[in-house]
Amino acid sequence: MYRMREWIAAVEAELERELALERLLGSSGVRSPAPVPAPVAATRPAGRSMPWERARALARDSAGQPLPVVPRTLEAALGHALAGPLTALTPPSPLAASAMDALLPAGTTVTPAVVGLAAAAGHDRLVVHRRPRVELLLLGEELPGTGPLLASWPAHHGAEVIGRRSVAGDPSSSRDAVRRSTADVVVTVGGTDTDTDTGTGAGTGARLLVDSVAVRPGHRMLLAGLPPAPGGRPRFLAGLPGDPTAAVAGMVTLVVPLLRRLGGHADPAPESYRTTTVQALSGHPHDTRLLPVRRVAHGVEPVPYDGPGRTLRGLARAHGLAVVPPGGVPAGTDVEVLALPGA
């Protein structure tokens with residue numbers, strides 16, 4: 001009897017994921033019968049959001065192998081990840097005892113300092129992983145300011161933004177927009193509210209990976225695998241809420257870890273650090289909360305203007321997002337802070 005209940009719970013979870021994917025893709029409502037799930041599917045009860053840490057790890061691991069390697073001049077390699085260790089080409093060298101000594105490991109992000117080191121080691125070109133290509137589709141209900149806010153995030157994390165455009169929020173328009181995109185990762189903004197019929201319209205063949213995350217704001221974020229491109233390279237669809245802070249939460253939770261792994265970077269998560277909060281940070285009763293904070297003399301404190309309708313003003317003053325566990329934390333607590341680009 002226990003096994004039967006476990007199996008039923010797993011099938012209900014699979015049906016819930018299919019329904020969420022239909023909302024995301026704007027499908028016709030016709031779906032194939034739910035497959036018999038693998039035993040691991042029963043570990044997630046139906047109707048429960050995925051834990052924040054697990055969602056980040058799943059987004060990272062879903063990328064599989066990094067994108068193919070390409071040669072680039074030193075300047076053009078900026079922002080890419082090294083496909084192999086950087087070694088000295090002209091030993092003996094003050095940089096390394098032999099050409100076999102690795103100056104930097106594979107996966108290192110190419111920065112101006114890395115370019116200088118490579119030049120001193122005798123390189124004029126580097127073999128790096130291709131940048132993931134990203135397209136942002138702003139659906140009808142996306143709030144003003146959210147699109148421009150998100151546009152710099154992929155480039156900051158080693159990706160190439162090949163387009164940012166507004167799309168009518170009806171399923172047919174959004175479906176065609178996703179189908180025609182040549183991006184490795186299509187990011188839609190808006191349309192993740194499960195109480196609406198708006199979807200991103202990717203058409204059939206997508207595989208839902210994440211349908212909601214136990215994080216506030218932004219718990220109604222989604223991640224799906226799209227049908228592979230010619231040649232078999234993987235493609236992905238990330239659905240982010242239209243609210244600015246919720247969309248940023250979706251970026252750091254799903255999109256950035258995915259892009260970092262696709263690009264071959266050794267550090268797939270957003271830059272983070274640990275510090276002390278000088279004020280109490282309020283939390284959600286049972287979900288992780290990503291709270292805008294700013295640096296002060298002895299740690300971080302929450303920024304003002306983080307309430308409804310004022311999120312952009314709060315983000316503009318913030319230096320990072322504090323990861324607040326359920327229930328919140330008192331002043332003097334050590335917390336993880338996710339850095340914001342340019343802050």
Side-chain angles (χ1 to χ4, degrees), residues 17 20-21 24-25 38 40-41 44 50-70 72 77 79-84 105-110 127-137 150 152-163 178 181-189 192 200 202 205-213 215 218 221-240 247-272 338 341:
R17 286 192 289 272
L21 184 57
L24 176 66
L25 302 183
V40 70
R44 184 183 172 208
M50 184 177 294
W52 182 69
E53 295 83 359
R54 182 181 171 195
R56 295 176 74 195
L58 179 60
R60 180 175 65 246
D61 296 341
S62 296
Q65 295 297 315
L67 293 171
V69 301
V70 291
R72 291 286 187 266
H80 291 69
L82 293 176
T108 299
T109 301
V110 180
V127 178
V128 295
H129 290 285
R130 179 173 70 77
R131 288 176 181 266
R133 293 176 295 183
V134 178
E135 184 170 19
L136 291 172
L137 302 181
L150 299 181
S152 63
W153 280 74
H156 181 79
H157 291 285
E160 175 188 0
V161 178
I162 63 173
V178 175
S181 177
T182 61
D184 301 298
V185 179
V186 182
V187 178
T188 64
V189 182
T192 60
T200 59
R207 178 171 55 93
L208 187 65
L209 302 171
V210 177
D211 56 5
S212 64
V213 180
V215 65
M221 60 182 73
L222 305 124
L223 180 67
L226 293 173
R233 64 177 174 83
R235 299 179 64 239
F236 298 89
L237 171 65
L240 308 185
V248 166
M251 269 283 176
V252 300
T253 301
L254 300 178
V255 179
V256 171
L258 176 66
L259 292 178
R260 298 296 285 179
R261 177 59 63 86
L262 283 174
H265 298 270
D267 52 344
E271 298 97 327
S272 66
L338 308 177

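As the structure is a prediction and not an experimental result, all values here were calculated from the model.
The heavy-atom pair separating L226 from F236 by the smallest distance is CD1-O, 3.7 Å. The two residues L254 and A55 have their closest heavy-atom pair at CD2-O, 3.9 Å. Across all their heavy atoms, S181 and A183 have their closest contact at OG-N, 3.2 Å. Nearest heavy-atom pair, A77 versus V128, reported as atom, atom and distance to 0.1 Å: CB-CG1, 4.2 Å. Here the closest heavy-atom approach between residue G263 and residue P132 is recorded as N-CG, 3.8 Å. The heavy-atom pair separating A83 from V69 by the smallest distance is CB-CG1, 3.3 Å.
Using a 4.5 Å heavy-atom threshold, the side chains of R131 and H80 count as touching. Residues Q65 and H129 have side chains not in contact (no heavy-atom distance under 4.5 Å, counting atoms from C-beta outward). Residues L223 and L237 are not in side-chain contact: their nearest non-hydrogen atoms beyond the backbone lie 4.5 Å or more apart. Between V134 and V187 the shortest side-chain heavy-atom distance falls below 4.5 Å. Contact annotation: the side chain of R72 never approaches that of V110 to less than 4.5 Å [non-hydrogen atoms, C-beta and beyond]. V210 places none of its side-chain heavy atoms less than 4.5 Å from the side chain of T253. A heavy-atom distance below 4.5 Å is found between the side chains of H157 and E271.
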**OP:** Let me see the working for V252 and W153 under side chain to side chain contact (heavy atoms under 4.5 Å, CB included), right down to the final yes or no.
**Re:** CA-CA 9 Å; V252 300; W153 280 74; 3.4 Å; yes
**OP:** Go through D211 and M50 one step at a time and tell me if the side chain to side chain contact (heavy atoms under 4.5 Å, CB included) criterion holds.
**Re:** CA-CA 8 Å; D211 56 5; M50 184 177 294; over 6 Å; no
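If you run side chain to side chain contact (heavy atoms under 4.5 Å, CB included) between L240 and each of T188, V248, V255, only V255 comes through.
For the atom pair L209 CG and L58 CG, the distance stands at 6.0 Å (nearest 0.5 Å). One finds the CG atom of L150 at 4.5 Å from the CE atom of M251 (value rounded to the nearest 0.5 Å).
In this view, A63 and L258, R261, L262 satisfy the side chain to side chain contact (heavy atoms under 4.5 Å, CB included) rule, not counting sequence neighbours. For R130, the side-chain hydrogen bond (donor to acceptor under 3.5 Å, both in side chains) partners at least two apart in sequence or on another chain are D184. Residues passing the side-chain hydrogen bond (donor to acceptor under 3.5 Å, both in side chains) test with T109, sequence neighbours excluded: R260, H265.
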